[in-house]
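Source: prediction; values computed, not measured. Numbers here simply count residues along the sequence, with the first being 1. Atoms within a ligand are numbered from 1 in the order they appear, just like the ligands themselves.
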Amino acid sequence: RGKRAFIAGIADDNGYGWAIAKSLAAAGAEILVGTWVPALNIFETSLRRGKFDESRVLPDGSLMEIAKVYPLDAVFDCPEDVPEDVKTNKRYAGSSKWTVTEVAESVKQDFGTIDILVHSLANGPEVIKPLSETSRKGYLAAISASSYSFISLLKHFLPIMNPGGATISLTYIASERIIPGYGGGMSSAKAALESDTKVLAFEAGRKHKIRVNTISAGPLGSRAAKAIGFIDMMINYSLENAPLQKELYAEEVGNTAAFLASPLASAITGATVYVDNGLNAMAVGV
Ligand code: NAI
């Protein structure tokens, strides 16, 4: 039987989530997607109208199929958590069952089980503010959307994950070393995510035989990254200073995710794996 993957955090064909979906599909996995509710309409419309067809092409020439797209907002665990203004917001009112518990329940009803869970989402409303100028609300929002969202997804999907399965999230080196401009508590959120990767690897490994890893990816000009504002500078810095002076392709992160999710990585858990042309190993720019 082929493996089944649920990938949270795809809303276009530019980000790491899409590339991971493609690499998993190329390896034979069935693809389910969780898309942020406010982005759902345009993503589904674009899919339907063939806007992504060119980027759906897999190495064997076939097109990646997405078995189902689920609306998801990973900052809410259950309907009781959703405040009135979100409930009645017209971008949310058109969709239903998009809290984490409800999505896990729907996937269970539709497909029974999954083998691979991918968390490729982050949000920090104050990301352009330096950490020292970040509000409590902004900081907690970054942690909620970018770190706790992974705990919540794992918690609610674990009961429907087949033993031997794997989870993957995406992190950034700003967790460990100073990247001026990655503010709003996003550096803190990634530090939490990396630490949680270890603790959750223990808990999910012992209880469910599930592996938990995170990929520390180099800079990519995704939609989320463009919102931060310094992504072109980071890409150029990497091109100039990394051991491998080449563009970093989203596909390279996708392929690493496919490896980590496969039996080839059966002894790897609790790891932060760098996919960044080696930039993390440099101490100074040259
Ligand atoms: P992206 O824009 O393709 O992906 C982020 C996704 O998160 C979007 O689809 C957005 O709709 C979704 N999202 C935001 N809030 C959400 C919520 N509450 N519930 C559900 N979905 C929500 O951008 P990218 O850059 O591919 O991001 C994917 C992951 O990669 C993130 O964790 C990011 O921090 C990480 N990363 C990105 C790097 C880059 O340079 N682009 C570098 C290192 C890590």
Ignoring hydrogens, just give me the one of Lys190, Arg223, Lys226 whose non-hydrogen atom is nearest atom 33 (C) of ligand 1. Lys190
Closer than 4.0 Å to some heavy atom of Ala217 - which atoms of ligand 1 meet that? 42 (C), 43 (C)
For atom 38 (C) of ligand 1, what is the closest protein heavy atom, and at what distance to 0.1 Å? Tyr16 CE1, 3.7 Å
Is the gap between the ring centers of Trp36 and Phe43 under 6.0 Å? no
For Lys198, is there an ion pair with Glu203 - N to carboxylate O distance below 4.0 angstrom? no
Mark the output for Gly218 as yes if a heavy-atom distance to ligand 1 is under 4.0 Å, and as no if none is. yes
How far apart are the C-alpha atoms of Glu194 and Thr214, what are their side-chain angles, what is the distance that settles it, and do they pass the side chain to side chain donor-acceptor pair (under 3.5 Å) test? CA-CA 7 Å; Glu194 288 172 30; Thr214 189; over 6 Å; no
Between His119 and the options Ser146, Ser149, Ser169, the side-chain hydrogen bond (donor to acceptor under 3.5 Å, both in side chains) test singles out Ser149
Atoms of ligand 1, numbered as shown, that sit under 4.0 Å from any heavy atom of Ala225: 41 (N)
What protein heavy atom sits nearest atom 21 (N) of ligand 1, and how far off is it? Trp36 CB, 3.5 Å
Nearest protein heavy-atom contact for atom 1 (P) of ligand 1: which residue, which atom, what distance? Ala224 CB, 3.9 Å
Using the ring of each side chain (for Trp, its six-membered ring), is Phe6 parallel, tilted or perpendicular to Tyr70, with breaks at 30° and 60°? tilted
Which residue and atom name correspond to the protein heavy atom nearest atom 7 (O) of ligand 1, and how close is it? Leu121 CB, 3.3 Å
Within the structure provided, determine whether Tyr16 and Ser222 are in side-chain contact (heavy-atom separation under 4.5 Å). no
Ala122 neighbourhood, listing ligand 1 atoms whose heavy-atom distance to it stays under 4.0 Å: 7 (O), 14 (C), 31 (C), 32 (O), 34 (O)
So, Asp77 and Thr101: side-chain donor and acceptor under 3.5 Å apart, yes or no? no
Within 6.0 angstrom of Lys246 NZ, more than 12 heavy atoms from elsewhere: yes
shortest atom 30 (O) of ligand 1-to-protein heavy-atom contact is with Leu170 CB, 3.3 Å
Among all the protein's non-hydrogen atoms, which is closest to atom 23 (O) of ligand 1, and how far away is it? Ser222 OG, 3.1 Å
Please could you name the atoms of ligand 1 that Gly9 approaches to less than 4.0 Å, counting only its heavy atoms? 4 (O), 6 (C), 9 (O)
What are the atoms of ligand 1, with element, lying closer than 4.0 Å to any heavy atom of Asp73? 17 (C), 18 (N), 19 (N)
Between Asp73 (side chain only) and Val75 (backbone N and O only), is there a donor and an acceptor less than 3.5 Å apart? yes
Suppose we measure from atom 27 (O) of ligand 1 to each protein heavy atom; which comes out shortest, and what is that distance? Ser120 O, 4.3 Å
Within ligand 1, which atoms have a heavy atom of Pro219 less than 4.0 Å away? 40 (O)
Should Val75 be listed as contacting ligand 1, given a heavy-atom distance under 4.0 Å as the test? yes
Is the closest basic N to carboxylate O distance between Arg56 and Glu65 below 4.0 Å? yes
Near Gly15, which atoms of ligand 1 are under 4.0 Å from a heavy atom of that residue? 3 (O), 26 (O)
Donor-acceptor contact present, side-chain Asn123 to main-chain Ala145, <3.5 Å: no
So, for Thr45 and Asn41, which heavy atoms are closest and what is the spacing to 0.1 Å? OG1-O, 2.6 Å
Of all the non-hydrogen atoms in the protein, which one sits nearest to atom 44 (C) of ligand 1, and at what distance? Thr171 O, 3.0 Å
Any heavy atom of Ala74 under 4.0 Å from ligand 1? The part involved is both
Which atoms from ligand 1 have a heavy atom of Ile231 less than 4.0 Å away? 40 (O)
